[in-house]
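Residue numbers begin at 1 in each chain, while the letters A, B, ... track the order of the sequences.
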Amino acid sequence: MDYKPREIERKWRRYWEDNEVYKVSNDSDKPKYYVLDMFPYPSGSGLHVGHPLGYIASDIFSRYKRLKGFNVLHPMGYDAFGLPAEQYAVTIGVHPAVSTNDNIERYRQQLDNIGFSFDWSREVRTSDPEYYKWTQWIFLRLFEHYYCNDAKKARPVSELEEIFSKEGNARINAATSQEDTFTAEDWNSYSNAKKDEVLMNYRLAYRKVQYVNWCEALGTVLANDEVKDGLSERGGHPVERRPMLQWSLRTTAYAERLLTGLDQVDWSDALKTQQKNWIGKSVGAQAFFEIVGFDETVEIFTTRPDTIFGATYMVLAPEHDLVAKITTEAQRKKVEDYLAYAGARSEVERMSDVKKVTGEFTGAYAINPLTEEHIPIWIGDYVLKDYGSGAIMAVPSDDDRDKAFAEHFGLPIIDVVDKSDYPGATLSDKLGKMINSGFVTGMEVPDAIKAVIDELEKRGIGQKQINYKLRDANFSRQRYWGEPFPITFDEEGVSHAVPDDKLPVILPELDDFKPTSDGKAPLGKLTEWMNSPEGIREIDTMPGFAGSSWYFLRYMDPDNEDAFASKEALAYWQDVDLYIGGAEHAVGHLLYSRTWHKFLYDLGYVPTEEPFKKLVNQGMIGGRSSFVYRANEKFAEEWLYKYLRSHSQTFERNVILGEGENAFEADFACSHNKIAIELKAMHRLERYDHEHQAQFEKAGYNFLPISTEEVFAHYHEPDYILDKIRRAIDGERIDLNRNVRDTALFVSKDMIEDRSSVTKLHVDVNIVRNDILDRYAFEKSRTDFARAVYVLNEEGEYYCGHAFEKMSKRYYNVVNPDDMVEQYGADCFRMYEMFLGPIEQGKPWDTNGISGVQGFIKKYWSLFYQDGAWAVTDEEPTKDELKVLHNAIKSVNRDIERFSFNTCVSEFMKCTNELRKMKSRKAAILKELVVLMAPFAPHMSEELWHALGETGTVNEASYPVHNEDYLKEDSVTYPISINGKKRATYDFPADASKADIEAAVTGIDAIQKYLDGKTVRKIIVVPGRMVNVVVG
RNA sequence: GCGGGUAUGGUGGAAUUGGUAGACACGCUAGACUUAGGAUCUAGUGCCGCGAGGCGUGGGGGUUCGACUCCCUCUACCCGCACCA
């Protein structure tokens, strides 16, 4: 039979579904393997050809592992809550639940088309109450726990309350935003509201007023990783810093473990460094500087305490609490002006002119504790409120920003580090010798750092401190489409957890879900819902990353009603062995999931500390855009000029006609015949038609309007134009020809003479093949191309230009996987995606190349069927055939293990080519080959598996193992090099010894001529590999 | 500015990790067949040169018998972070 992918694929997909071939059991003697794809947002525009790349890779690996005898969990589901889904719903004016459902359906169809082995019985959706019940449940655990820095794990808040009531908070070493110390008496005397406020400073999920990224356009607050360059990641809207009462997660508590945990996982260095940078650990010292005339001190953080002798002034962040207090009357006006200026600057502005030095003197002075000098306290927005303590000691001699500031405002600079021994050393290298630095003068920097910290500690004004760039994650969204918080507030404003047995708190129906601009969440419109019998409900919802931070655990046991997953399921599946997805989740999702996972680990709910053992980032597939070149006015003018010239008409270009104020320029004019031609785009000629007419007549010329469209329409019959001119010369008045409207001329790329006479336009890549335009399809694609005229090349083809761009609708370079599957079959599509290149590398999609894979599949098929008839025999395979097969087994095995899927496909091609050459059609060979290829081309393999007389499914076969014996050669072809350059090859027996080869090599004819008159100095023989003769 | 990555034919990419550079494809050239079709098959295809031969993995230098691979240096491009004290 012939290879008919559409039939075969439909047939076997149905079979797999009917027989639940991909259903995975939690109850198995086999070792487990968990392959996960990053959670997709079901966006409205569906999948393009770049999206399934990772899914195909993970599917191949899952199928491979299954054939290797593993019980493989390979699930799929949808991250259905959150901004993108809602924003999309808002734009098209449909309820997010409805649009999300539609999108999921579309997504599912597209995925099904490609033949993935997902166990759909485990599908999860974050917007499903059965799912978000557990998101809320985990949130409540975070709410009920704090992070103990001594135990280095999360502990119950109830424990904390007990300690507070007995001894206050002095001895508690926790991750906290609590600044004041209090005693047991204090605590016991606190109101409920006050107690709640204090506890919020300890809880891992807490609510507090703080500066947040408010995005007006989206009507919500965003987390730091959702803001890029001061704009929202989704939609690119401006973001401002604004104090708001918000829920947050105390991710900072886990900073250190998030950092050290990276050592346990097999991720790319690029990814690890990105996470490290985001966590941003820096080791230094905390110090307190007294303020002249005030009781308060300024707390600072520095990584270079050694340079304290060079601290000649201090800078506070504009939002720093002390600013209002310490500013002197004399400076108040100026400071207020500066605060107004700094406050008004958006994040984008602030970040775009980092170089601009701004600040203001508060009028107050601090005392440098080691020099005893009085140093001025400034404010400046290069100091950030939420890093360290929001204040710095400025050391202009050793810090570029401090230096720029000092120079700008004329502040003193004292050199304190002599770096002459370390050329090129930077601040962070911590190298050099101290000068002008009191008791540390002469010390090396690392020693001085220690000495200064010791001194600060001795005096009780400072200590060693570690700081992280990582901030707590904003967890509130003032939007509708998310998980409601399982929190209520009583009359006193005290927060209460909704009891576990009341979960989930269902997201109520709401018609007007549009965001508001005042920061009040849409759920606030439902007064009845909000004022529940249990108390006033929180009306913010959770962010998109809430549901996606633990979804991989739900797949293990998706229908469990008593727990997010059973202990047994968690004990069996443990963690994700292989995680494939895009690099865009490098910090956000991956950091949050790791945090949640560590928290659940602390509570004993999950058995592993890191959720994702191995992670592969698939590269982005870009589009290969195609261009057509539309001739412009210049082109028409050049053409007409050349044409007139060749007919020896005495036309001149750009001729000034008329006199004085009435002078004007005509495109072409012939003074002899008193005729002038205006050559312009139709719409321009139309606009000035009558004026032109009058103008030319006044100058005594017969006016001939020719539109560029007319020129293009008659490009291939130029005599038409000539005829017109002749008639004009004869005095005939010729009106503008309006029948050629919308005619455009397209010049084949290889026929372009002058780039400026054509305009480059994107053309749909789906109507271009091997850069040749399908002109029929082109004319149908857009109404304004319907009357296209072409300048073709000698072959009569239209060649398009091309460029690599992002795959995007506006570049007309989007290729839909459905179209590929329709045309080539899913198996071919899967293999071609892999064949494109290494999975981790970004690359352009080029549909042209798929024909190579298609050709291969046909050839492969023809090993089984000759002229449509079954041609496989039961003969014993020969040694050579076995060698070809086992070579392929060996290579494919090795390459799958190292995620080199492109070379696997090459290997299949090579193997097929070789078997074809041998006319090999033996079942013993082909059966193994079918299994080997099954992970890549599951449909076809299933078909052939059955054709070979097997029953059941090829998924249950066992993976072929290669036998080294078949690969052994009798003789080896050695490359013979002279001084490292290959000059000849020669066959030696496989068991030839080093000495044998050395002795024989100089006797080889092809080598002799290189040895003439030279001495053989050395012969290097690498057995089985190569020979190198060193002469000189 | 800092950090990470990449650089190989006209194109996508191979190279067992220091051992025959360009596998496997696309494209191109020539030929065969054919109801010329965007089908199939055969051969060729890194560059220069008629040739012998020479050159060749972004540029320059080094280590080595031998370098796409290791080291130094420069250049270009991509990604991430960016006043983080």
Side-chain angles (χ1 to χ4, degrees), chain A residues 228-229 268-274 276-278 280-282 284 300-304 307 315 350-351 353-357 380-384 386-395 398-402 404-405 426-428 467-471 583-584 586-587 617 619-620 624 769-772 774 802 832 835-838 840-853 855-856 858-859 890-891 894-895 900 902-911 913 973-985 1017-1020 1022 1024-1032:
Chain A
K228 291 253 147 48
D229 300 325
S268 73
D269 285 340
L271 197 56
K272 285 189 187 181
T273 8
Q274 254 190 79
K276 277 182 196 157
N277 291 343
W278 192 259
K281 179 181 182 175
S282 52
I300 59 109
F301 171 74
T302 175
T303 54
R304 293 295 299 271
T307 61
V315 186
R350 205 178 63 81
M351 291 171 72
D353 48 31
V354 166
K355 294 279 178 294
K356 195 167 157 194
V357 178
D381 69 356
Y382 82 98
V383 174
L384 306 177
D386 44 3
Y387 183 74
S389 58
I392 60 157
M393 65 171 199
V395 185
D398 277 271
D399 183 287
D400 291 338
R401 295 149 309 173
D402 294 348
F405 196 83
T426 66
L427 198 66
S428 58
N467 239 308
Y468 299 92
K469 228 156 63 169
L470 183 72
R471 319 282 160 82
E584 67 272 19
V587 281
N617 274 133
M620 289 254 286
R624 188 181 194 274
R769 202 183 175 91
N770 289 335
D771 291 338
I772 295 169
D774 178 341
H802 61 90
Y832 183 57
F835 186 66
L836 277 177
E840 297 194 74
Q841 212 167 287
K843 57 231 149 195
W845 174 268
D846 184 359
T847 302
N848 296 327
I850 200 169
S851 64
V853 175
F856 149 71
K858 283 183 187 163
K859 284 185 213 166
K890 188 181 177 180
S891 305
R894 185 194 61 217
D895 289 350
S900 175
N902 55 328
T903 50
C904 290
V905 179
S906 300
E907 198 55 47
F908 291 131
M909 292 175 170
K910 227 169 92 182
C911 176
N913 290 343
T973 305
Y974 280 81
I976 317 286
S977 301
I978 306 296
N979 291 340
K981 187 91 197 159
K982 189 191 101 180
R983 297 298 179 188
T985 54
R1017 300 198 184 275
K1018 207 190 216 175
I1019 297 174
I1020 290 140
V1022 182
R1025 285 227 184 279
M1026 47 67 66
V1027 179
N1028 189 18
V1029 184
V1030 185
V1031 298

Partner nucleotide, any strand, of [N] [Watson-Crick/G-U, under 3.5 Å]:
N     : result
B:G1  : B:C81
B:A15 : none
B:A76 : B:U6
B:A21 : none
B:U34 : none
B:G27 : B:U45
B:A67 : none

Using atom [atom1] in both nucleotides, what's the gap between [N] and [M] to the nearest angstrom?
N     : M     : atom1 : answer
B:U34 : B:A23 : C1'   : 33 Å
B:G3  : B:G13 : P     : 28 Å
B:U57 : B:A7  : P     : 14 Å
B:C48 : B:G9  : P     : 14 Å
B:C83 : B:C78 : C1'   : 25 Å
B:U11 : B:G46 : C1'   : 13 Å
B:A30 : B:G38 : P     : 16 Å
B:C79 : B:U63 : P     : 38 Å

So [X], base contact, sugar-phosphate only, or nothing? Heavy-atom distance under 4.0 Å.
X        : value
A:Lys469 : base
A:Val383 : base
A:Leu384 : base
A:Gln841 : sugar-phosphate

Test your reading of the model: is there a side-chain donor-acceptor pair from [X] to the backbone of [Y], 3.5 Å cut-off?
X        : Y         : value
A:Asp402 : A:Val395  : yes
A:Lys859 : A:Asn913  : no
A:Tyr974 : A:Gly1024 : yes
A:Lys843 : A:Pro838  : yes

Contact list (N/O, under 3.5 angstrom) for nucleotides 36-38 of chain B vs protein:
from: B:G38; atom 1: N2; to: A:Arg769; atom 2: NH1; distance (Å): 2.2
from: B:G38; atom 1: N3; to: A:Arg769; atom 2: NE; distance (Å): 3.2
from: B:G38; atom 1: N3; to: A:Arg769; atom 2: NH1; distance (Å): 3.2

What closest approach, in Å, do [X] and [Y] show between heavy atoms, and which atom pair accounts for it?
X         : Y        : result
A:Met1026 : A:Pro975 : CB-CG, 3.6 Å
A:Thr303  : A:Ser282 : CG2-CB, 3.9 Å
A:Ile300  : A:Thr302 : CD1-CG2, 3.9 Å
A:Gln274  : A:Val587 : O-CG1, 3.8 Å
A:Asn1028 : A:Ser977 : OD1-O, 3.2 Å
A:Gly388  : A:Asn467 : CA-ND2, 3.5 Å

Nearest whole Å is fine: how far is [N] [atom2] from [X] [atom1]?
X        : N     : atom1 : atom2 : answer
A:Lys910 : B:U16 : NZ    : P     : 12 Å
A:Asp895 : B:G13 : CG    : C1'   : 14 Å
A:Tyr468 : B:A85 : OH    : C1'   : 17 Å
A:Phe835 : B:C26 : CZ    : C1'   : 8 Å
A:Arg894 : B:U16 : CZ    : P     : 8 Å
A:Met620 : B:U6  : CE    : P     : 18 Å
A:Tyr832 : B:C24 : OH    : P     : 17 Å
A:Lys859 : B:C24 : NZ    : P     : 10 Å

Subject >> Syn/anti state of B:U73 by chi, 90° boundary around 0 >> reply: anti

Original post:
Is B:G9 in the syn range, within 90° of 0, or in the anti range?
Top reply: syn

Please list, for nucleotides 2-4 of chain B, all pairs of protein and nucleotide N/O atoms separated by less than 3.5 Å.
none

**OP:** May I ask you to check whether over 12 heavy atoms, not counting those of A:Lys910, lie within 6.0 Å of atom NZ?
**Re:** no

Original post:
Mapping A:Gly842 and A:Ser282 to their closest nucleotides on RNA chain B, which lands nearer the 5' end?
Top reply: A:Gly842

Original post:
Want to settle it: does A:Val1030 or A:Ala391 sit nearer the 5' end of RNA chain B, counting the closest nucleotide to each?
Top reply: A:Val1030

Original post:
How about A:Thr903 and A:Asp895: does a side-chain donor come under 3.5 Å of a side-chain acceptor?
Top reply: yes

Of the nucleotides [options], which one has an atom closest to the side chain of [X]?
X        : options             : value
A:Lys858 : B:A85, B:A23, B:U40 : B:U40
A:Met909 : B:G12, B:A25, B:A85 : B:A25
A:Trp278 : B:A82, B:A14, B:C83 : B:A82

Between atom [atom1] of [X] and atom [atom2] of [Y], what is the distance when rounded to the nearest 0.5 Å?
X        : Y        : atom1 : atom2 : answer
A:Asn617 : A:Glu584 : CG    : CD    : 8.0 Å
A:Tyr382 : A:Ile392 : OH    : CD1   : 3.5 Å
A:Asn277 : A:Lys469 : CG    : NZ    : 5.5 Å

Subject >> Test item: A:Phe856 and A:Tyr832 side chains (from C-beta on) under 4.5 Å apart, heavy atoms >> reply: no

Subject >> Within-4.5 Å side-chain heavy-atom neighbours: A:Val853 and A:Met909 >> reply: yes

Measure all distances between protein nitrogen or oxygen atoms and nitrogen or oxygen atoms of nucleotides 17-21 of chain B, and list the pairs falling under 3.5 Å.
from: B:U20; atom 1: O2; to: A:Lys982; atom 2: NZ; distance (Å): 3.2

Original post:
Which residues pass the ring pair (Phe, Tyr, Trp, His ring centres under 6.0 Å) test with A:Phe908, sequence neighbours left out?
Top reply: A:Phe936

Subject >> Any A:Asn913 side-chain nitrogen or oxygen under 4.0 Å from OP1 or OP2 of B:A25 >> reply: yes

Original post:
With a 4.0 Å cut-off, would you call A:Arg471 and A:Asp386 a salt bridge?
Top reply: yes

Using a cut-off of under 3.5 Å, enumerate the N/O to N/O pairs linking the protein to nucleotides 77-79 of chain B.
none

I'd like a table of atom pairs between the protein and nucleotides 27-34 of chain B - only N or O on both sides, under 3.5 Å - with the distance next to each one.
from: B:G27; atom 1: OP1; to: A:Asn770; atom 2: ND2; distance (Å): 3.3

